[in-house]
Amino acid sequence: MSHPLPEAFLKNMQDMLGDEYPAFLRALDLPPALALRLNPKRAGAEAAAGAYIDGPVPWAEWGRYLVRDEALKPGGSVAHAAGAFYLQEASAMASAAVLDARPGERVLDLCAAPGGKSTQIAAAMGDAGLLVSNDPEPSRAKALAGNLERMGAANALVVSALPDRLAALWPERFDALLVDAPCSGEGMFRRDPAARDAWSPAAPEGCAKRQAGILDAAARLLRPGGRLVYSTCTFNAAENEGSVEGFLARHPEFAPEAFQLPGVGASSNGALRLLPNRVRGDGHFVAKLRKAGDVPRHDTPGPARIDRTLAGYLDALEREACRLPEFIRAMEFFVQGDRLYCRPADAPQTRGLKVVSPGLCLARLGRNHLEPEHALAMALPPECALRTASLDDEAARAWLRGEAIADAGEKGWALALWRGMPLGWGKRSDGLLKNHMPKGLRRPR
């Protein structure tokens, strides 16, 4: 083995697992269980991803295992660009499944990059409610925003801040909160052998200290009656049960809450381990905690008042490109720079924060015109577009390279579709559908 397992790690696992230890070691030598998660917002997503699918992930409604074939490159496919699926390790889908976000809730994903769990939460919420996704590292937060955009999330804000800062600004703001904590990454030893070299015997203790600070901030952010899901991708007890026990000792207002995961089993004291010798997945730990108090009933905010200028922009957008669906119409509209945005009406104040994505970007505003934005294309139900252009496989691949497509249809903005799924906006004129896909998303020719 080019990257041997650290001796201190092996000793710890042998002490923890006892008779189960040999089976655990054998599992670490098996190939990782790669998977994808279908996007319920894309009709036909499963058919589009069919060549890559090797059966369902039991604990995730839209999770599917990947066929083990190195010749297949799902991340480079048209289906991936259209947001039909998100590539995500199977066990990593467990924590968002346990969180069980619901339409209309206020949800915070506190350590969200690169976006697997946030996009899973957004899908469960169905564009109703508020999702705030945070990562303290700005470059990672930017990638997070890009993944939420590709998957068509309409109700998400992306910020980049330390958890303590958010707790000071937004005390008791959220109904549900996910802390997928930075950890020593032992659960990745099978998928990323180089992680073995980065591990040290001191890593779990150092990570546990960091996790304690994040969890303390999470406690302040959660409403009375709200639920907190804590997860890691590591095996050791210090970062898992130890972090939970320490948190409960500091926060007696929280208590473990029982749950079950299909294909995994029932929790013990509100916690559950996914081990590679027990399930078809890598290492993961999930705990669910409930904050004491009554779950508040939210007053559903009415549509925000739209001034004459904003109304004019919306009218122009609906004349030029699309009919805005009700879930967008119910949001708050605002202009930032030369962009028109919308966000959930109960979005928190973000003044003083680094905001990577302040909401769903609808259009770029010119002096006498506007251009519909790519984010709107990915979030919009295709039937709301005034004009569409259906691309076959060859045309879709050309489109992703940034090429114009021969198209003699009605002039004006049209939503480019591949198998009914969006690839972005184009503008028809002179027998061509001119490509307006952002240059940063285009693939090399």
Can you sort out the partners of F254 under ring pair (Phe, Tyr, Trp, His ring centres under 6.0 Å), two or more places apart, ordered by chain and number?
-> F247
Taking R223 for the side chain and R173 for the main chain, is one N or O donor matched with an acceptor at less than 3.5 Å?
-> yes
Can S160 and D135 be counted as having a side-chain donor-acceptor contact under 3.5 angstrom?
-> no
Is the F24 ring parallel, tilted or perpendicular to the F9 ring (thresholds 30°, 60°)?
-> tilted
Keeping to residues at least two apart or across chains, list the side-chain hydrogen bond (donor to acceptor under 3.5 Å, both in side chains) pairs with something in residues 37-46.
-> R37-Q88, R37-T119, K41-D127, E46-R64
Under the ring pair (Phe, Tyr, Trp, His ring centres under 6.0 Å) test, which residues partner F259, sequence neighbours left out?
-> none
Step-by-step side chain to side chain contact (heavy atoms under 4.5 Å, CB included) determination, M331 to Y341 = CA-CA 10 Å; M331 294 193 190; Y341 289 89; over 6 Å; no
Has the side chain of K73 got a donor or acceptor atom that lies under 3.5 Å from a matching backbone atom of E70?
-> yes
Salt-bridge contact D216-R250 (side-chain N to carboxylate O under 4.0 Å) = yes
Mind checking side-chain contact (heavy atoms from CB on, under 4.5 Å) for A195 and listing every partner two or more places apart, or none if nothing turns up?
-> F189, D192
Mind checking side-chain contact (heavy atoms from CB on, under 4.5 Å) for P22 and listing every partner two or more places apart, or none if nothing turns up?
-> R26
Under 3.5 Å side-chain donor-acceptor pair for N435 and E403 = no
Main-chain N/O of E371 paired to W425 side chain as donor or acceptor, under 3.5 Å = no
Under a 4.0 Å N-O cut-off, is there an ion pair linking R227 with E105?
-> yes
Salt bridge between R339 and E373, side-chain N to carboxylate O under 4.0 Å?
-> yes
Contacts of W170 that satisfy ring pair (Phe, Tyr, Trp, His ring centres under 6.0 Å) - sequence neighbours left out = F174
Could you verify whether a donor N or O on one side chain and an acceptor N or O on the other, from E239 and T232, lie under 3.5 Å apart?
-> no
E7 CD: over 12 foreign heavy atoms closer than 6.0 Å | no
Regarding W418 and D392, is there a side-chain donor-to-acceptor distance under 3.5 Å anywhere?
-> no
Can you tell me how far the CG atom of D282 sits from the CG atom of L274, to the nearest 0.5 Å?
-> 10.0 Å
